[in-house]
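Working notes, beginning with the structure itself.
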Amino acid sequence: MKAETDKIKIKLSDEKQIECVAGTIIKDLIDHQLTKNNLQEIIAAKLDGDLVDLSRPLFTNTSLEPVTFDSAEGKKIYRHSTSHVMAQAVKDLFPAAKIAIGPAIEDGFYYDFDLDRPFTPQDLERIEERMKEIIQQDLPFQRLELSKEQAQKIFQERREDYKLELLKDIEEDTVSLYQQGNFIDLCRGPHVLSSGKLRAIKLLNVAGAYWRGDEKNKMLQRIYGTAFATPEALTEYLKRLEEAKERDHRALGRQLDLFSVQEEIGPGLIHWHPKGAIIRMTIEEFWKKEHLKRGYQLVYTPHIASRKIYEISGHLETYQEYMYSPMDIDGVPYWVKPMNCPGHIKIYQTKLRSYRELPIRYAELGTVYRYERSGVLHGMLRVRGFTQDDSHIFCHPEQLPAEILQVLDLVDFMMSTFGFDYHAYLATRPEKSIGGEEAWAKATTALREALSKREIDYKIDPGGGVFYGPKIDIKLLDALGREWQGPTIQVDFNLPERFDINYVGPDGNRHRVVMIHRTVLGSMERFIGTLIEHYAGVFPLWLAPVQVLVLTITERHIEYGERVLQDLRNNDIRAEADFRNELIGYKIREGQLAKTPYMAVIGDREIANGTVSVRTRKKKELTTLRVEDLISKMKKEIADKII
RNA sequence: GCCGGCGUAGCUCAGGGGUAGAGCAACUGAUUCGUAAUCAGUAGGCCGGGGGUUCGACUCCCCCCGCCGGCUCCA
């Protein structure tokens, strides 16, 4: 460390470097050097890549980069500071509350508290008011670097049991604490300079959360909130949340009459109404054709199976908690299938397989039932009975890379057909797992290389693999940005062993197959649920339940309307009619609210010319087309699956 | 499963110990109309279910069911 009179060099950018006296506070430096070019308020700084408080003094040559709210790091710091202010407000109003953890998260922050009474919505309002007062007071965030013992003493005095527990797990001798006003928190930082920097805050909701995410631990109360650099940005965000709610597949499912869940039948069990069913059927037909094209063979397997098969597969050992209790059939317990693999394996094993037959790819739209805990059910996205677009590929080890690549190709093709955004994860070997190190390495490499070859961005999910093999998970995003497990590609070393699945190699000996479990949509329920949100209910023509609505102006146009309707239907176009004695504006409004892609209006002029007046849901300008031209235009759009 | 909130007509929602309300939808009638709401009328409710408090409960209390937001867990 240099003496305070010494000069140090600070690199501000590739072109700009300045000198200052050692000990200069970053904020002072920034006030002099950077404010003119930066309208955005600076939240923190990055010194040689490390995030630090603006209140930190500079002692060595370094590069300095300002951090603003624009950056992900800036948002994180800003919101993390807001969570501290919230914790301070809670402690002010509820001194008995103990603080746990309070990080920034995507779009906001939370803080967990332990308090013997629940926070009410009114409490949230009070807390928010108190936070605004704290912001008004403009309390500086002070960083304290203390020995672990000193920190322990502080949190003992304050009876912050959770902080003490966190401290125990910290290995370093010194820890950092942040204080604003009378509030002290164990925290790495950095933070904004003072509470007054926080401009637009909002508390959103309270929820239970287990201490350290473990359901054996005490349940704490988590308050969620968010913060933005300007009130306008906050309002914008809240508006986005409202809009997302309107895309919610549960609301749209009711409005568009796609599906329902019946209390008397049971939660988590989906009823597909005619309009939802036709969407599903269209996707399933497409799916089947595509699989046959790509060398899959379609199979069907039973919905129940005797105990024996699940003993062999290991389901009773490792998966029983998700399986529904067995029924007695002639004294033998039968279970409803939670997965399709055993059935496919047994089909494979009906004869001796040669290496020449491999790979064998069995595919099935297989309906499975799994017990899901009541609190996790969610519309069509998390249910108890669902149809997986399942397949099991049996191959020999050398074929694994090519097979994975082919599956990934199919996944990508499907996702792009539907215009879907997705995130990919490569889940690696978990601690509790079976199979040799070499096999794992080979399979993981095959998965990784397939992802790179397809140029799919992915994250590693360390230890997230299944016990029997590594996997690629594709996550779909719902309207609120929540990720849902969709397509998955899993390599399996386990079932081939348990079932003794073989093929006869060129050497005449039996060899163990490698098995891939995969789905390319996930399940019909979850996929279509997410699709509803993705399209906001506005299905592309090829999927729209009603593709064209034939509308008449008055009763004298009905006869011609009937002919047009039949003409469309004869051409495999899903056409419906509204010949009611209602105003045309009224019928159009209904069609528009149902998000019908085309409406064909018929009046005197159209009958005279053998045409229809065509209105699309997107562009509202009208065109007059001969019926056969409308048919060919629609047929092309359907065939091309235009999104 | 756990924590919190909610449950009133088909849908969206008001009401808050003393006879249950609106809009839309439905139904009936009139209107025969040119691209997002024609007019009039009618009907519709075990106020999620059960128990309790009370002279009286949709309203207050308890239990159960379901839904919503999270946590934990998954296609």
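A note on names: the letters A, B, ... follow the listed sequences, proteins ahead of strands, and every chain is numbered from 1.
- Using a 4.0 Å cut-off, some side-chain N or O of A:S374 falls inside it from OP1 or OP2 of B:G1.
- Judged by distance alone, with hydrogens and angles left aside, the side-chain atoms of A:D114 form no donor-acceptor pair with the main-chain N or O of A:Q221 at under 3.5 Å.
- Proximity of the aromatic rings of A:F420 and A:F527 is defined here by a centroid distance below 6.0 angstrom, and this criterion is met.
- Taking only side-chain nitrogens and oxygens, A:R212 never comes nearer than 4.0 Å to OP1 or OP2 of B:U72.
- Across all strands, A:Q592 comes closer than 4.0 Å to base atoms (heavy-atom distances).
- In this model, a side-chain donor or acceptor of A:E606 finds a partner on the base of B:G34 within 3.5 Å.
- Donor-acceptor pairing under 3.5 Å, judged by distance alone, is present between the side chain of A:Y210 and the base of B:G1.
- With B:A75, B:U35, B:C33 as the candidates, the nucleotide lying closest to the side chain of A:K471 is B:A75.
- Residue A:R373 is classed as a base contact, given a heavy-atom separation below 4.0 Å to a base.
- Comparing atom distances between the A:I588 side chain and each of B:A75, B:U35, B:A26 picks out B:U35 as nearest.
- Closest to the side chain of A:R526, from the set B:A36, B:U32, B:C74, is B:C74.
- A heavy-atom distance below 4.5 Å is found between the side chains of A:I223 and A:I127.
- Side-chain atoms of A:E372 lie closest to B:C73 of the nucleotides B:G34, B:C33, B:C73.
- Nearest to the side-chain atoms of A:N581 among the listed nucleotides B:U32, B:G69, B:U35 stands B:U32.
- The CH2-C1' distance, from A:W484 to B:C74, rounds to 9 Å in whole Å.
- Across B:U31, B:A75, B:A37, the shortest atom-to-atom separation from the side chain of A:V383 is found for B:A75.
- For A:W211 and A:Y162, the distance between ring centers is under 6.0 angstrom.
- Distances shorter than 4.0 Å separate none of the side-chain N or O atoms of A:H517 from OP1 or OP2 on B:A75.
- Residue A:R250 has a polar side-chain atom (N or O) positioned under 4.0 Å from OP1 or OP2 of B:G69.
- If you measure from atom CE of A:M380 to atom C1' of B:A75, you get 13 Å, rounded to the nearest angstrom.
- Using a 4.0 Å heavy-atom cutoff across all strands shown, A:Y224 reaches sugar-phosphate atoms only and no base atom.
- For A:Y586, taking side-chain heavy atoms from C-beta onward, the closest of the listed nucleotides B:U38, B:G69, B:C71 is B:U38.
- You'll find the ring centres of A:Y237 and A:F228 inside the 6.0 Å limit.
- Side-chain N/O atoms of A:R384 include none lying less than 4.0 angstrom from OP1 or OP2 on B:C74.
- Rounding to whole angstrom units, NE2 of residue A:H273 and C1' of B:G10 are separated by 12 Å.
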